[in-house]
Enquirer: 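Questions regarding the structure given below will be posed in turn.
We're numbering straight along the sequence, starting at 1. Computed from heavy atoms alone, side chains included, the values below leave out hydrogens, waters and symmetry copies.
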Amino acid sequence: SCFFQRQCGIMYLQFDIYSNNYSDKGSDIFMKIQKLKADNIDDIVKWCENKDADFLNQWAGIGYEYPLTRQQIEKRLSDGAEIYEIDSDEQMIGTIEIITREEESGVALIGRFLLNPEFTGKGLGTQVLNAFINFCKTEYSIRKIRLFVFDFNVAAFKCYKKCGFFETETVIRPNGWKAICMEKEAE
């Protein structure tokens with residue numbers, strides 16, 4: 001179950017996560033979605049520091065160069081990138097970006113979804129993504145969400161399917177990787 005509370009341009013969410021085995025206590029997790037704060041940029045860099053150039057390429061595409069630095073993220077933010085953070089217990093647990101947003105059609109392309117490695121594999125990605133979809137619908141009147149995932153990123157593909165995304169096409173990128181386009185109506 002989930003409920004939303006809006007305050008000063010920040011979306012607060014509460015999830016009952018007992019069924020997802022994230023917490024052995026069966027307690028609720030509270031999430032806050034807001035624009036990425038400068039104080040948290042270093043967390044993203046840290047989450048990527050032990051990853052290789054291929055990881056950065058599949059996560060960020062042409063958005064960043066290897067190795068990822070604070071300055072690259074600051075530059076993207078100053079250029080108008082819509083990067084959001086997801087916080088729980090005063091700690092950033094993930095980040096996601098609205099890459100493009102078409103106000104007239106109500107379609108948003110999202111990407112660069114990254115969780116703190118300490119929280120992966122626990123079902124939290126599905127909850128965060130569903131919360132972000134609801135955030136987009138509530139804050140920006142988005143009616144359809146689109147994203148791309150590489151065919152070899154099985155965990156992300158499963159997460160997106162679990163959230164209700166369906167495949168629309170496959171695109172071969174210049175490096176030969178197969179990118180699967182997926183969509184979901186923001187319900």
Enquirer: Could you tell me the separation between the NZ atom of K184 and the OG1 atom of T168, rounded to the nearest 0.5 Å?
Expert: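 The distance works out to 14.5 Å.
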
Enquirer: Is there side-chain contact between I44 and M92, with heavy atoms separated by less than 4.5 Å?
Expert: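 I44 vs M92: side chains touch.
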
Enquirer: Taking a hydrophobic cluster as the set of Ile, Leu, Val, Met, Phe, Trp and Tyr residues connected by side-chain heavy atoms closer than 4.5 Å, whether directly or through intermediates, do I99 and I73 fall within one such cluster?
Expert: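 Unlinked, I99 and I73 end up in two clusters.
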
Enquirer: So, taking the atom named SG in C136 and the one named CD1 in I96, what distance separates them when rounded to the nearest 0.5 Å?
Expert: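 Interatomic distance, C136 SG to I96 CD1, rounded to 0.5 Å: 7.5 Å.
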
Enquirer: Side-chain contact test, heavy atoms from C-beta onward, threshold under 4.5 Å: evaluate it for N40 versus D87 and give yes or no.
Expert: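 When only atoms from C-beta onward are counted, D87 and N40 do touch, with a gap below 4.5 Å.
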
Enquirer: Check step by step if side-chain contact (heavy atoms from CB on, under 4.5 Å) holds for N130 and Q127.
Expert: CA-CA 5 Å; N130 280 326; Q127 293 180 346; 5.9 Å; no

Enquirer: Taking the side chain as every heavy atom from C-beta outward, state whether N116 and D43 have any pair of such atoms under 4.5 Å apart.
Expert: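 N116 vs D43: side chains apart.
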
Enquirer: Tell me whether the NZ or CZ atom of R173 lies within the 45° cone about the ring axis of F148 and under 6.0 Å from its centre.
Expert: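 Verdict for F148: a cation-pi partner in R173.
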
Enquirer: Look only at the side chain of W59 and the backbone of R112, and say whether a donor-acceptor pair between them is shorter than 3.5 Å.
Expert: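 The answer is yes, because a donor-acceptor pair under 3.5 Å joins these two groups.
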
Enquirer: Taking all non-hydrogen atoms of both residues, which atom of L68 and which atom of V45 are closest, and how far apart?
Expert: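 Closest approach of L68 to V45: O-CG1, 3.7 Å.
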
Enquirer: Mind checking whether Y84 and F135 have parallel, tilted or perpendicular rings, split at 30° and 60°?
Expert: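 Answer is perpendicular, since the angle exceeds 60°.
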
Enquirer: In sequence, state the C-alpha distance, the side-chain angles, and the governing distance for Q58 and N153, and then conclude on side-chain contact (heavy atoms from CB on, under 4.5 Å).
Expert: CA-CA 9 Å; Q58 71 90 20; N153 193 346; 3.1 Å; yes

Enquirer: Do L147 and F113 have side chains that get closer than 4.5 Å, going by heavy atoms?
Expert: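 No; the side chains remain at least 4.5 Å from each other.
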
Enquirer: Please determine whether salt bridge (charged side-chain N to carboxylate O under 4.0 Å, His left out) holds for the pair R101 and E82, giving the CA-CA distance in whole Å, both sets of side-chain angles, and the decisive distance to 0.1 Å.
Expert: CA-CA 10 Å; R101 184 163 37 101; E82 290 187 77; 2.9 Å; yes

Enquirer: Is the number of heavy atoms from other residues, nucleotides or ligands under 6.0 Å of Q91 CD greater than 12?
Expert: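 Buried by this count: over 12 neighbours within 6.0 Å.
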
Enquirer: How far apart are the closest heavy atoms of D52 and Y66, and which atoms are they?
Expert: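 For D52 and Y66, the tightest heavy-atom pair comes out as C-CE1, 3.5 Å.
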
Enquirer: What are the two closest non-hydrogen atoms of A108 and I98, and how far apart are they?
Expert: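 Smallest interatomic distance, heavy atoms only, reads CB-CG2, 4.4 Å.
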
Enquirer: First locate atom CD of Q71, then atom CD1 of I41, and finally report the distance between them rounded to the nearest 0.5 Å.
Expert: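 If I round to the nearest 0.5 Å, the distance is 9.5 Å.
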
Enquirer: Using a cut-off of 6.0 Å, state whether more than 12 heavy atoms not belonging to I172 lie near its atom CD1.
Expert: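 Yes.
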
Enquirer: Can you find a heavy atom in the side chain of I110 that is under 4.5 Å from one in the side chain of R146?
Expert: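 Not touching, per the 4.5 Å side-chain cut-off.
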
Enquirer: Transitively linked via ILVMFWY side-chain contacts under 4.5 Å: V149 with V128?
Expert: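 Yes.
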
Enquirer: Would you say I142 and V107 make side-chain contact, with heavy atoms under 4.5 Å?
Expert: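 Contact flag for I142/V107 side chains = no.
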
Enquirer: Would you check if the distance from the ring center of F152 to the ring center of W177 is below 6.0 Å?
Expert: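 Judged by ring-centre distance (under 6.0 Å), F152 and W177 do meet the cut-off.
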
Enquirer: For the atom pair CD1 (I83) and CG (L77), what is the distance rounded to the nearest 0.5 Å?
Expert: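 It comes to 4.0 Å.
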
Enquirer: Answer yes or no: is there a donor N or O on one side and an acceptor on the other, between the side chain of R70 and the main chain of A38, under 3.5 Å?
Expert: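 Side chain of R70 to backbone of A38: a pair is present.
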
Enquirer: With heavy-atom distances below 4.5 Å as the criterion, would you say the side chains of E103 and Y140 are in contact?
Expert: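 In short, these two side chains do not touch, never coming nearer than 4.5 Å.
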
Enquirer: Checking Y64 against T69 for the side-chain contact (heavy atoms from CB on, under 4.5 Å) test, could you report, in this order, the C-alpha distance in whole Å, the side-chain angles of both residues, the deciding distance, and whether it holds?
Expert: CA-CA 9 Å; Y64 298 107; T69 63; over 6 Å; no

Enquirer: Would F166 and E183 count as a side-chain contact (heavy atoms from CB on, under 4.5 Å) here? Give the steps.
Expert: CA-CA 6 Å; F166 60 91; E183 292 182 354; 4.1 Å; yes

Enquirer: At their closest point, which heavy atom of L114 faces which heavy atom of C48, and how far apart are they?
Expert: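 Residues L114 and C48, closest heavy atoms: CD2-SG, 3.8 Å.
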
Enquirer: Can you tell if the side chain of I180 reaches within under 4.5 Å of the side chain of Y160, non-hydrogen atoms only?
Expert: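 No, side chains not in contact.
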
Enquirer: Salt-bridge test for K75 and D79: reply yes if a basic N is under 4.0 Å from a carboxylate O, no otherwise.
Expert: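 D79 and K75: salt-bridged.
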
Enquirer: Report yes or no: do F165 and F157 belong to one cluster of Ile/Leu/Val/Met/Phe/Trp/Tyr joined by side chain heavy-atom distances under 4.5 Å?
Expert: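 Looking at the clustering, F157 is in the same group as F165.
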
Enquirer: Do I33 and L115 sit in the same hydrophobic cluster, where Ile, Leu, Val, Met, Phe, Trp and Tyr count as joined when their side-chain heavy atoms come under 4.5 Å apart?
Expert: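 They do share one cluster, since a chain of ILVMFWY contacts under 4.5 Å joins I33 to L115.
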
Enquirer: Taking S88 for its side chain and M31 for its backbone only, find out whether a donor-acceptor pair lies under 3.5 Å.
Expert: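 Absent.
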
Enquirer: Test salt bridge (charged side-chain N to carboxylate O under 4.0 Å, His left out) on R76 and E97; report intermediate values, then the result.
Expert: CA-CA 11 Å; R76 286 192 45 73; E97 183 174 339; 2.3 Å; yes

Enquirer: Has R143 got a side-chain atom pairing as donor or acceptor with S105's backbone, closer than 3.5 angstrom?
Expert: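 Confirmed, R143 side chain pairs with S105 backbone.
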
Enquirer: Taking all heavy atoms of N134 and all of E187, pick out the closest pair and write down the distance.
Expert: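 Looks like OD1-O, 3.8 Å.
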
Enquirer: Is E85 reaching over with its side chain to a backbone N or O of K32, donor-acceptor style, under 3.5 angstrom?
Expert: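 Pair absent, no side-chain N/O of E85 close to backbone of K32.
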
Enquirer: Is the side chain of T170 donor-acceptor paired with the backbone N or O of A179 at a distance under 3.5 Å, no angle test?
Expert: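 Side chain of T170 to backbone of A179, a donor-acceptor pair under 3.5 Å: no, none is there.
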
Enquirer: For the residue pair N57 and F150, what are the closest heavy atoms and their distance?
Expert: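 Looks like O-CE1, 4.4 Å.
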
